[in-house]
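As the structure is a computational prediction, the values presented were derived from the model and not from experiment. Worth knowing before you read on, the calculation uses all heavy atoms, side chains too, and leaves out hydrogens, waters and symmetry mates.
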Amino acid sequence: MSLNHSPETQNKLIARVPSITGRDLPEWFEAIDNGPSFLRCDERANWLADEHGLSHGYAAAIVLEHERRRRW
């Protein structure tokens with residue numbers, strides 16, 4: 001699975017996360033922070049998708065956004 005989305009696709013996915021998943025981004029970020037300590041983004045995205053029933057596209061977008069905001 002690729003975790004690379006165009007910036008436009010990433011923004012569209014992130015904007016739809018609350019309506020598609022029923023949870024806001026801070027809730028997903030908390031789930032990632034409290035989840036297993038995976039080193040790689042693709043491992044976190046796979047876990048998020050499998051554990052919470054997300055599509056891999058949304059899981060990857062959430063993980064990438066989480067990483068991006070942590071760097072700020």
Side-chain angles (χ1 to χ4, degrees):
M1 171 186 70
S2 173
L3 293 182
N4 297 320
H5 298 125
S6 71
E8 181 182 339
T9 299
Q10 176 71 10
N11 290 338
K12 287 179 181 180
L13 287 169
I14 289 301
R16 288 186 287 213
V17 164
S19 63
I20 296 294
T21 68
R23 295 171 75 178
D24 291 326
L25 283 176
E27 293 177 76
W28 288 116
F29 297 163
E30 185 176 341
I32 292 169
D33 290 339
N34 293 329
S37 297
F38 295 118
L39 295 176
R40 295 178 15 201
C41 288
D42 63 333
E43 292 173 321
R44 285 191 295 259
N46 286 335
W47 171 79
L48 203 60
D50 294 342
E51 185 71 19
H52 296 280
L54 297 175
S55 73
H56 284 282
Y58 281 104
I62 292 167
V63 168
L64 288 174
E65 191 68 16
H66 180 257
E67 286 297 306
R68 196 180 100 205
R69 291 186 186 194
R70 280 182 18 174
R71 291 182 195 145
W72 286 351

Between H56 and N46, is there a side-chain heavy-atom distance shorter than 4.5 Å?
yes

Tell me the closest heavy-atom pair linking [X] and [Y], and the distance in Å.
{"X": "I62", "Y": "F29", "answer": "O-CE2, 3.7 Å"}
{"X": "R23", "Y": "A31", "answer": "NH2-CB, 4.1 Å"}
{"X": "A59", "Y": "A45", "answer": "CB-O, 3.4 Å"}
{"X": "P18", "Y": "A15", "answer": "CD-O, 3.7 Å"}

Look up atom [atom1] in [X] and atom [atom2] in [Y], then write down how far apart they are to the nearest 0.5 Å.
{"X": "L54", "Y": "W28", "atom1": "CG", "atom2": "CH2", "value": "4.0 Å"}
{"X": "E27", "Y": "I32", "atom1": "CD", "atom2": "CD1", "value": "12.5 Å"}
{"X": "E8", "Y": "L13", "atom1": "CD", "atom2": "CG", "value": "10.5 Å"}
{"X": "R68", "Y": "I14", "atom1": "CZ", "atom2": "CD1", "value": "8.0 Å"}

More than 12 heavy atoms of other residues, nucleotides or ligands under 6.0 Å from CD of E30: yes or no?
no

Taking side chain to side chain donor-acceptor pair (under 3.5 Å) as the definition, give me every residue that meets it alongside [X], ordered by chain and number, with sequence neighbours left out.
{"X": "N34", "value": "none"}
{"X": "S19", "value": "none"}
{"X": "T9", "value": "S6"}

Could you check whether the rings of H52 and W47 sit parallel, tilted or perpendicular, using 30° and 60° as the cut-offs?
perpendicular

Excluding sequence neighbours, so at least two apart, what forms salt bridge (Lys or Arg N to Asp or Glu O under 4.0 Å) with E67?
R44, R70, R71

Taking only residues two or more places apart in sequence or in another chain, which ones pass salt bridge (Lys or Arg N to Asp or Glu O under 4.0 Å) with R69?
E65

Holding to side-chain contact (heavy atoms from CB on, under 4.5 Å), I want the full list of residues that pass it with P26, two or more places apart in sequence or in another chain.
D24

Pair listing, salt bridge (Lys or Arg N to Asp or Glu O under 4.0 Å) test, anchored in residues 50-61, at least two apart:
none

